[in-house]
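Reviewing the structure listed below.
The residues of the chain are indexed from 1 along the displayed sequence.
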Amino acid sequence: MAQNDFATITRDGLWNNNPALVQILGLCPLLAVTNSTVNGIGLGLATMMTLVVTNGLVSIIRNWVTPEIRIPVFVLVIACVVTVIELGMNAYFHELYNVLGIFIALIVTNCNIIARAEAFASRNPLLPSLLDGFMMGTGFLLVLVALGALREMIGFGTLFANAHLMFGEGARDLTLHLGEYKGMLLAVLPPGAFIGLGLLIALKNAIDRSRRERKAAPVVAAAPEPHAA
């Protein structure tokens, strides 16, 4: 399998090698901030932008960086990118920036970002590296949003609460209420985050197993039609 196969890169990032469901990387921010859908979208987009820009920069400079200093250089690149994104969020999404707090700066320590820089971007041209960063970031974002939505619905009985923090004042009315359900506190506490992520991983594994079983199922040949007398 060629690493620069675009279809393979897409499948790996979104499903086959998803950073949250398969690699189990970046769990600290993933579990900490996903008590609402909007928080998941905010941190997911910041992480995706960091992956794309970092992969691109590392791919560009890979031929000028010696193997002995590559990790410090990659970390410096990631820190610079995260600092720019953090300042941008503080300027344009200040309320959401305050909600996410330290976890934006902690993107620097996300194992998935340094792993993609080292394992992929430092060995591949610019375009595949950008696509790898985008797909890995999108896969991570989707898990953050799914887990945030699951915990918010069970924990608060709402969906898309505080959407104005991400999408502006016009999104205040986007909040959906699940009838008279008032929520369950466990879902928004740390144990609820672990349980929710475990359920998502179990769901993915069940889907993969079902697909493998369908592929492995023998094809039954159609019975021959009886000859006319």
Side-chain angles (χ1 to χ4, degrees), residues 13-15 18-51 82 85-113 135-207:
L14 295 180
W15 189 259
N18 185 284
L21 299 180
V22 179
Q23 300 179 55
I24 319 293
L25 294 176
L27 291 190
C28 179
L30 185 146
L31 297 174
V33 305
T34 53
N35 55 4
S36 77
T37 312
V38 172
N39 287 358
I41 294 174
L43 190 67
L45 288 176
T47 305
M48 182 180 70
M49 291 173 60
T50 305
L51 270 165
V82 171
I85 292 173
E86 184 181 13
L87 292 174
M89 290 191 69
N90 192 10
Y92 296 103
F93 304 96
H94 184 68
E95 289 183 78
L96 181 61
Y97 171 83
N98 287 334
V99 171
L100 297 179
I102 188 66
F103 292 103
I104 300 174
L106 283 179
I107 293 174
V108 176
T109 63
N110 190 317
C111 302
N112 185 43
I113 297 173
M135 288 306 167
M136 285 290 169
T138 303
F140 191 69
L141 166 66
L142 293 176
V143 175
L144 281 170
V145 174
L147 184 57
L150 179 66
R151 294 179 66 192
E152 183 182 343
M153 287 191 292
I154 299 175
F156 297 117
T158 62
L159 188 63
F160 290 114
N162 298 319
H164 65 284
L165 299 180
M166 188 76 219
F167 304 108
E169 291 301 318
R172 280 188 180 275
D173 296 332
L174 288 180
T175 303
L176 302 177
H177 296 273
L178 306 181
E180 299 297 325
Y181 178 65
K182 298 301 181 183
M184 182 173 62
L185 180 61
L186 176 65
V188 294
L189 294 178
F194 282 100
I195 295 171
L197 181 61
L199 292 174
L200 292 179
I201 294 174
L203 176 62
K204 180 191 181 302
N205 291 339
I207 293 173

Excluding sequence neighbours, so at least two apart, what forms side-chain hydrogen bond (donor to acceptor under 3.5 Å, both in side chains) with T47?
none

Residues that T158 engages under side-chain hydrogen bond (donor to acceptor under 3.5 Å, both in side chains), provided they are two or more places apart
E152

Just grab all the side chain to side chain donor-acceptor pair (under 3.5 Å) pairs involving residues 178-196, residues at least two apart or on different chains.
none

For A149 and L159, the nearest pair of non-hydrogen atoms, with its separation, is CB-CD1, 3.7 Å

Reported CE-to-CD1 distance for the pair M136 and I113, which is rounded to 0.5 angstrom
12.5 Å

Evaluate the side-chain proximity of L45 to M48: yes if any heavy-atom separation is below 4.5 Å, no if none is.
yes

Throw together a table of side-chain donor-acceptor distances under 3.5 angstrom for residues 172-179, partners on residues two or more places apart or in other chains.
unit_1: R172; atom_1: NE; unit_2: E169; atom_2: OE1; d: 2.5
unit_1: R172; atom_1: NH2; unit_2: E169; atom_2: OE1; d: 3.3
unit_1: T175; atom_1: OG1; unit_2: F160; atom_2: O; d: 3.4

Min side-chain heavy-atom separation L144-I41 under 4.5 Å:
no

Under the rule for side-chain hydrogen bond (donor to acceptor under 3.5 Å, both in side chains), what residues qualify as partners of N162, not counting sequence neighbours?
none

Measuring from N112:CG to F140:CZ, what's the distance to the nearest 0.5 Å?
7.0 Å

So, using side chain to side chain contact (heavy atoms under 4.5 Å, CB included) as the criterion, who are the partners of L150 when residues are at least two apart?
I154

Going by the rule side chain to side chain contact (heavy atoms under 4.5 Å, CB included), which residues pair with M89 if we only count those two or more places apart in sequence or in a different chain?
A46, I85, L96, Y97, L100, I104

For residues P19 and G13, report the shortest heavy-atom separation together with the two atoms involved.
CD-O, 3.8 Å

Could you give the side-chain donor-acceptor pairs of residues 20-34 under 3.5 Å, partners two or more places apart or in another chain?
unit_1: Q23; atom_1: NE2; unit_2: N17; atom_2: O; d: 2.7
unit_1: T34; atom_1: OG1; unit_2: L30; atom_2: O; d: 2.7
unit_1: T34; atom_1: OG1; unit_2: R151; atom_2: NH1; d: 3.0

Give the table of side-chain donor-acceptor pairs shorter than 3.5 Å for residues 187-205, with sequence neighbours excluded, one pair per line with atom names and distance.
unit_1: K204; atom_1: NZ; unit_2: D208; atom_2: OD2; d: 2.5
unit_1: N205; atom_1: ND2; unit_2: I201; atom_2: O; d: 3.4

With N90 via side-chain hydrogen bond (donor to acceptor under 3.5 Å, both in side chains) - residues at least two apart
H94

